[in-house]
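Worksheet for the structure shown next.
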Protein chains: 2
Amino acid sequence: MEDLPHIPEATVARLPIYLRILLETADHEIGTISSERLAVQAGANAAQVRKDLSYLGSYGTRGVGYDVELLIFQISRELGLTQDWSAAIVGVGHLGQALANYRGFGERGFRFAGLYDVDPRKVGETVAGIEVRHLDSLAEDVVARRIAIGVITVPASHAQEVADRMVAAGITAILNFAPAVVTVPDDVTIRKVDLSIELQILAYYQQRKTGMTGLLGHRAAAL
Amino acid sequence: MEDLPHIPEATVARLPIYLRILLETADHEIGTISSERLAVQAGANAAQVRKDLSYLGSYGTRGVGYDVELLIFQISRELGLTQDWSAAIVGVGHLGQALANYRGFGERGFRFAGLYDVDPRKVGETVAGIEVRHLDSLAEDVVARRIAIGVITVPASHAQEVADRMVAAGITAILNFAPAVVTVPDDVTIRKVDLSIELQILAYYQQRKTGMTGLLGHRAAAL
DNA sequence: GCATGTGAATAGATTCACAGCG
DNA sequence: CGCTGTGAATCTATTCACATGC
């Protein structure tokens, strides 16, 4: 298999996990790893690991396993992590500040190159060593600081508007933390992280467990 | 379709989105909504909306659409949101504090009933109106405060240990923000939110766009 | 007539199972 | 002989298309 045929979405989502495990493995000075071992550590199935890795090419050795360093390089290259990426955070609330301070983003070349808000009390402040600028400065900064990724941490009511401004500013990859459906043009990639949806999903599965106490799956004692 | 046959995972993940849209729709005093309209607002396909909703039962009216209030109730019931849920956050770093302060969790009956850390400088402090307690108190609090959900916001190196203590304390639903694979027994539901993985996925798709400039998809100018 | 509800068709992801190679 | 690489089989999810019923 060669370079261009694109990788299934589900595989792309797992490559970063493999990469992290491989980096840890390399730290332990282990030179080679089997799909079985990688699968156990990733909480997956060995056949899946092999199939996923096969989309990158044939970098394993039969009877031996995968060379850890080689695989780190190949996955990094495939994910585009051989270059550095600059991101802008729009919305300097609790979450925006937490992200700005989050160590472990550098995990693979991500840098927050800008923090934006419209609140005059926040503009001019410094958070995590970055000066908060007015959202109006975003467009010029995208060019000047080569910002490629936008992170939305504003309230839901402003999320679409912020996304529109990001797109207008030339950003084509967005990570949305606001609890709102945001639509963007086809050439813009958007992903969402929605904390309250995650909790609701957990609640569903949790209810299935405890709700089984009554005969008909009725609701259990609420608090 | 009746009560027990369980709902596909993909559908469960979308129900909270529909619910949110329906709540907004209700705010605008609109009594009825079509699958088409719901689909547009959720960024989905009308057939999918109908199929998803059909797992809850037949709550639509042909030729008309769905009664907004009725659907809100049915989805809420299915997701287990007719009861309140208490969650504990373990790890009072930037992210843990941001979550504790996050308004909009109450969006459907979630309450943070406990904040835990092991750092003596943090234990005893108050964050978002909640006293930070030592992780050792978790087990007793799970019982006393009926905590059902655990949220992990500690560094990756401690995530598994914290998860183990949550499980030992009787928690059976966990949301993990630490960039680490955490394993739990089968009867425990775990979901992960991994910020750096999300950025890496964006980087992949971003690269596909810009990386096409060179003939062979080689890496572009790094900064 | 119009929008739901749903079988049937399609697409996508996971797992199996084994041939192929070091 | 052991572990990769991958077609084939299976399972899950999405989309189509239309019969059904208000």
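Defined by atom type and a distance below 3.5 Å, a donor-acceptor pair is missing between the side-chain atoms of Lys51(B) and Gln48(B). A donor and an acceptor atom, one from each side chain of Gln206(A) and Thr172(B), are located under 3.5 Å apart. Side-chain atoms of Ser35(A) and Arg50(A) include a donor-acceptor pair closer than 3.5 Å.
Whole-Å rounding puts the Arg37(B) CZ to dT4(C) P distance at 13 Å. Here dG22(C) presents its C1' atom at 18 Å from OH of Tyr59(A), a figure rounded to the nearest Å. Per the geometry, OH belonging to Tyr55(A) stands 15 Å off C1' belonging to dT4(D), to the nearest Å. Atom pair Glu9(A):CD and dA11(C):C1' shows a separation of 13 Å (rounding to whole Å applied). The separation between Arg62(B) atom CZ and dT6(C) atom P is 7 Å, rounded to whole Å. Rounded to an integer number of Å, the gap from Tyr66(B) OH to dT4(C) P is 5 Å. Atom CG in Asp52(B) sits about 16 Å away from atom P in dT12(D), given to the nearest Å. Atom CD in Gln48(A) sits about 11 Å away from atom P in dC16(C), given to the nearest Å.
Comparing Ala47(A) and Val64(A), the nucleotide of DNA chain D nearest to each residue sits closer to the 5' end for Val64(A). Nearest-nucleotide assignment on DNA chain C puts the 5′-proximal partner with Ala44(A), out of Ala44(A) and Gly63(A).
Of the listed nucleotides (dT14(C), dT4(C), dA13(D)), dT14(C) has the atom at the smallest distance from the side chain of Lys51(A). Side chain of Ala10(A), nearest nucleotide from dT4(C), dA17(C), dA13(C): dA13(C). The nucleotide whose nearest atom lies closest to any side-chain atom of Asn45(A) is, among dA13(D), dA3(C), dC16(C), dC16(C). For Ser54(A), taking side-chain heavy atoms from C-beta onward, the closest of the listed nucleotides dT6(D), dT4(C), dC16(D) is dT6(D).
Of the side-chain N and O atoms in Arg14(A), one or more sit less than 4.0 angstrom from OP1 or OP2 of dT14(C). Close to dT4(C), at under 4.0 Å from its OP1 or OP2, lies a side-chain N or O of Ser35(B).
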* To do: May I have the step-by-step check of side-chain contact (heavy atoms from CB on, under 4.5 Å) for Leu53(A) and Leu38(A), ending in yes or no?
  => CA-CA 11 Å; Leu53(A) 296 181; Leu38(A) 196 38; 4.2 Å; yes
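The backbone N or O of Gly91(B) lies less than 3.5 Å from a partner atom in the side chain of Thr153(B), making a donor-acceptor pair.
Evaluation of atom-type donor-acceptor distances gives a pair under 3.5 Å for the side chain of Arg50(B) against the base of dG5(C).
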